[in-house]
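A short write-up of the structure that comes next.
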There are 2 protein chains.
Amino acid sequence: MGITSRDVARLAGVSQPTVSRALRGDPRVSEETVRKVRMAADALNYVPSEAGRSLSTRISHRIGVLVTDVANPFYPHLVGPLHDELEQRGYRMMLFTERSEAAASAERLVDRSIDGLVLATSTLDSALPAELSRRGLPFVYLNREGTTPADAVAVDNRLGGEQVARQLVADGHRHIGGIFGPDNTSTGRDRELGFRQALADAGIALRPAHVRHGPFEFETGLGALPELLAADPAPTAVFCGNDVVAIGVLDAARRLGVDVPGRLTVVGFDDIPMASWASFELSTVRHDLRGMARTAAGLLVERVSGEYEGEPRRVVLTPEFVGRRTHRAPSAN
Amino acid sequence: MGITSRDVARLAGVSQPTVSRALRGDPRVSEETVRKVRMAADALNYVPSEAGRSLSTRISHRIGVLVTDVANPFYPHLVGPLHDELEQRGYRMMLFTERSEAAASAERLVDRSIDGLVLATSTLDSALPAELSRRGLPFVYLNREGTTPADAVAVDNRLGGEQVARQLVADGHRHIGGIFGPDNTSTGRDRELGFRQALADAGIALRPAHVRHGPFEFETGLGALPELLAADPAPTAVFCGNDVVAIGVLDAARRLGVDVPGRLTVVGFDDIPMASWASFELSTVRHDLRGMARTAAGLLVERVSGEYEGEPRRVVLTPEFVGRRTHRAPSAN
DNA sequence: GGCTACCGTGCATACGTATGAATGAGAAGG
DNA sequence: CCTTCTCATTCATACGTATGCACGGTAGCC
């Protein structure tokens with residue numbers, strides 16, 4: 001095992017550099033030679049060593065993807081499209097989880113084993129973006145923002161929050177609650193901001209007893225709903241930081257025997273496929289999750305390949321409220 | 001950018017090899033020198049190049065993970081633990097999707113950019129395992145089997161199928177259906193085999209009209225249930241190839257207004273976290289998904305690191321029926 | 001027929017790290 | 001004071017591919 005271009009060269013009766021050029025399609029190599037080299041390579045089952053190539057070209061053709069937690073039902077919908085888009089553009093995907101401490105994390109990312117990084121997570125106050133920038137590793141923000149300048153793709157989260165608020169107000173809700181994402185994430189913060197602003201414009205305030213914050217996880221919604229319902233008056237509608245949280249809320253409602261949407265309106269964000277399952281039929285805010293991921297991959301690849309070298313680009317997608325089963329006017333009561 | 005060990009050597013006033021040895025903890029280097037080298041490395045923010053190291057040691061410290069489709073809610077529960085276990089053992093994870101055609105797939109896997117591969121998918125009739133074996137890339141079967149000898153970790157799928165059959169029979173079901181996985185997967189085949197065998201032992205046959213096969217996806221269950229219920233007599237219980245399929249069935253039941261478990265018993269396989277959500281409370285077959293993934297990672301790492309060189313090892317986990325809400329005796333009718 | 005131009009190939013070397021072998025400086029011993 | 005031995009370090013080189021440059025051969029041109 002371990003066939004090298006030298007072995008191929010020997011068999012084909014040419015030099016090692018000629019093998020390299022022939023297989024890479026260098027036009028300076030004669031057709032006849034290309035044919036010989038191809039045959040020899042096939043005969044030996046030669047596959048160029050990626051390590052050798054990386055060392056020589058200083059390009060790894062690998063892109064890192066950093067997420068918080070793969071098992072969270074939200075992330076696969078980013079990771080899948082990212083993988084496909086990267087593969088299509090000739091890059092392989094390395095997957096990293098944020099759980100490991102940030103310091104060691106930066107180290108392992110800048111060892112030149114990846115050409116760039118998709119930052120699909122990480123909190124606003126993280127030092128990672130600055131660190132990456134300092135170390136010269138190109139990256140793109142995906143579904144988040146950051147102060148360190150870099151390409152970015154995200155939804156207009158404020159607008160999405162506003163849309164939900166307007167819908168709830170129009171439906172006649174006055175006692176409204178929110179289970180928002182973490183304060184130190186742009187998605188969490190902006191969705192809440194837009195939501196609050198639009199409510200305020202309608203003269204409605206969010207009572208602290210109707211508000212919770214937590215990670216974008218099923219358990220957050222599951223745990224928060226009972227607390228919100230214990231308030232007096234209880235909210236008649238709850239806006240959730242994202243669909244995963246909202247589905248946690250729906251689960252809690254089932255456990256508590258709370259009728260949705262009869263007694264409680266629930267709205268999510270993202271419109272992941274699960275949201276449209278008959279078990280949930282979650283009213284939510286739709287945006288092009290798949291397109292967002294692929295766009296991010298595209299921006300990053302253009303950046304690492306040198307195809308684009310200008311100022312950081314920022315792509316903002318427009319969200320759209322999609323009404324399903326889980327929202328309705330509050331019961332007369 | 002692009003600090004090398006030579007730069008560190010120059011600053012520390014030593015030779016390049018000494019830098020390499022000092023940072024790698026070679027005992028032959030004096031404490032004093034180690035200190036100097038460390039300081040120089042820190043001052044320059046030096047991070048060893050993975051490409052250079054890989055080329056020299058012929059070890060990439062990367063492990064590939066091949067799955068069918070990341071977006072399928074089952075896979076994240078393998079990918080997550082795999083990532084964690086690999087990281088803990090000093091390996092990074094490259095994620096591959098099966099969608100790309102197998103031929104090109106093998107090529108990109110054997111370019112020495114990964115030390116080994118976790119085969120978490122791929123059908124029985126795939127040529128990939130044989131190809132990997134021929135090319136000398138170590139791999140481990142995870143949640144599947146294969147004829148090409150290699151380390152493997154899987155559940156006792158036949159036993160699991162038997163357990164479900166016995167439960168359904170004990171519950172009094174006589175008209176039983178199955179929505180099994182693909183014939184050309186060991187999980188699909190063995191679960192079906194065990195199930196059929198135990199039913200046969202109880203003198204019960206599966207009518208062809210009560211049986212469907214399909215990929216382990218939500219849509220499979222969703223699409224198959226209406227067909228099964230159209231049979232006369234309709235089945236009073238359905239065993240599904242895995243939880244994802246079962247949840248598709250539950251979704252279809254909701255759409256059709258079919259009461260579960262009142263009119264229909266549904267049983268899955270795997271006990272993914274979603275199965276225990278209040279929205280589903282799916283009766284299923286539990287096994288240690290996380291442990292299975294971590295074990296596979298362990299076996300593979302021991303193999304690629306040379307820690308173990310013996311015969312292929314096979315770890316088989318014992319499944320256990322876990323009764324929740326979705327199974328019950330058939331209605332008198 | 002000699003000069004230039006061009007084309008295809010080989011030569012030399014770079015990429016960054018790791019490691020066996022050689023070297024040098026001391027220390028220990030006679 | 002010379003030898004022997006040990007220890008820390010340097011030297012030389014390997015890993016596999018890519019690429020600037022030199023080179024040899026052929027064709028074209030006057």
Side-chain angles (χ1 to χ4, degrees), chain A residues 1-38 40-41 44-62 107-108 110-115 135-136 306, chain B residues 1-38 40-41 44-62 107-108 110-115 135-136 306:
Chain A
M1 282 308 160
I3 307 294
T4 77
S5 55
R6 257 189 188 75
D7 300 324
V8 177
R10 206 167 306 137
L11 180 60
V14 298
S15 71
Q16 177 270 324
T18 297
V19 171
S20 172
R21 283 192 258 260
L23 295 179
R24 295 181 47 78
D26 190 310
R28 292 179 302 175
V29 181
S30 72
E31 276 188 38
E32 170 61 14
T33 303
V34 168
R35 210 181 46 70
K36 276 193 308 185
V37 170
R38 282 246 176 76
L44 296 175
N45 270 321
Y46 169 68
V47 177
S49 151
E50 178 62 31
R53 178 173 288 173
S54 291
L55 190 57
S56 185
T57 61
R58 295 149 155 247
I59 296 176
S60 71
H61 288 285
R62 283 185 290 264
E107 284 281 302
R108 69 180 176 172
V110 296
D111 63 3
R112 310 274 151 196
S113 74
I114 56 177
D115 298 334
R135 304 256 199 168
Chain B
M1 283 309 159
I3 307 294
T4 76
S5 55
R6 256 189 190 75
D7 300 324
V8 177
R10 206 167 306 136
L11 180 60
V14 299
S15 72
Q16 178 270 323
T18 296
V19 170
S20 172
R21 282 194 253 261
L23 294 180
R24 295 181 49 76
D26 190 309
R28 292 181 301 176
V29 181
S30 72
E31 277 188 37
E32 170 61 14
T33 304
V34 168
R35 210 180 46 73
K36 277 193 307 185
V37 169
R38 283 247 176 77
L44 296 175
N45 271 320
Y46 169 68
V47 178
S49 152
E50 179 60 31
R53 175 174 291 172
S54 291
L55 190 57
S56 185
T57 61
R58 295 151 154 247
I59 297 175
S60 71
H61 289 284
R62 282 185 291 264
E107 283 282 303
R108 68 180 178 171
V110 296
D111 63 2
R112 310 272 152 198
S113 74
I114 56 176
D115 299 332
R135 306 256 199 165

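Every chain is numbered from 1, with letters handed out A, B, ... down the list of sequences. Values reported hereafter were calculated over all heavy atoms of this structure, with side chains retained and with hydrogens, waters and symmetry mates removed.
- With sequence neighbours excluded, the residues satisfying salt bridge (charged side-chain N to carboxylate O under 4.0 Å, His left out) with B:R28 are B:D26.
- B:R6 meets the salt bridge (charged side-chain N to carboxylate O under 4.0 Å, His left out) test with no other residue; sequence neighbours excluded.
- Using a distance-only test at 3.5 Å, with no hydrogens or angles considered, no donor-acceptor pair links the side chain of B:R112 to the main chain of B:R58.
- Looking at heavy-atom distances under 4.0 Å, A:R21 makes contact with a base.
- Contacts of residues 49-56 of chain B with DNA chain D (heavy atom under 4.0 Å): B:L55, B:S56.
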Atom pairs and distances, side-chain donor-acceptor, residues 46-53 of chain A, under 3.5 Å, sequence neighbours left out:
from: A:S49; atom 1: OG; to: A:A51; atom 2: N; distance (Å): 3.3
from: A:S49; atom 1: OG; to: A:G52; atom 2: N; distance (Å): 3.0
from: A:E50; atom 1: OE2; to: A:S54; atom 2: OG; distance (Å): 3.1

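- Using a 4.0 Å heavy-atom distance criterion, A:P17 is classed as a base contact.
- As judged by a 4.0 angstrom heavy-atom cut-off over every strand, B:T4 is placed among residues touching the sugar-phosphate backbone only.
- Among the protein residues, B:V19 comes within range of no part of the nucleic acid, since none of its heavy atoms lies under 4.0 Å from any strand.
- Contact check for B:R10 versus B:D7: side-chain heavy atoms found under the 4.5 Å cut-off.
- Partners of B:S15 under the side-chain hydrogen bond (donor to acceptor under 3.5 Å, both in side chains) rule, at least two apart in sequence or in another chain, are B:T18.
- By the salt bridge (charged side-chain N to carboxylate O under 4.0 Å, His left out) test, B:E31 pairs with no residue at all, sequence neighbours left out.
- An angle of 60°, rounded to 10°, separates the two end axes of the helix from C:dG1-D:dC30 to C:dG30-D:dC1, each defined over five pairs.
- Toward the 5′ end of DNA chain D lies the nearest nucleotide of B:V34, the other residue of the pair B:R58 and B:V34 mapping further downstream.
- With sequence neighbours excluded, no residue forms a side-chain hydrogen bond (donor to acceptor under 3.5 Å, both in side chains) with B:S56.
- Applying a 4.0 Å cut-off to non-hydrogen atoms, the residues of residues 23-31 of chain A that approach DNA chain C are A:R28, A:V29, A:S30, listed by residue number.
- Between B:R6 and A:S5, the residue whose closest nucleotide on DNA chain D is further toward the 5' end is B:R6.
- Nearest-nucleotide assignment on DNA chain C puts the 5′-proximal partner with A:S15, out of A:S15 and B:S20.
- Side-chain atoms of B:E32 and B:R35, non-hydrogen and from C-beta on, do get closer than 4.5 Å to each other.
- Residues A:H61 and B:S113 have side chains not in contact (no heavy-atom distance under 4.5 Å, counting atoms from C-beta outward).
- Residues A:L23 and A:V37 meet the side-chain proximity criterion, which asks for heavy atoms closer than 4.5 Å.
- In summary, contact between chain A and DNA chain C, defined as any nucleotide atom under 4.0 Å from a heavy atom of the protein, begins and ends at C:dG8 to C:dG16 in the 5' to 3' direction.
- Taking the salt bridge (charged side-chain N to carboxylate O under 4.0 Å, His left out) definition, one finds that B:D115 meets it with nothing, sequence neighbours left out.
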Under-3.5 Å N/O pairs linking protein and nucleotides 23-27 of chain D:
none

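- Among the protein residues, B:T57 comes within range of the sugar-phosphate backbone only, with heavy atoms under 4.0 Å from sugar or phosphate atoms but none that close to a base.
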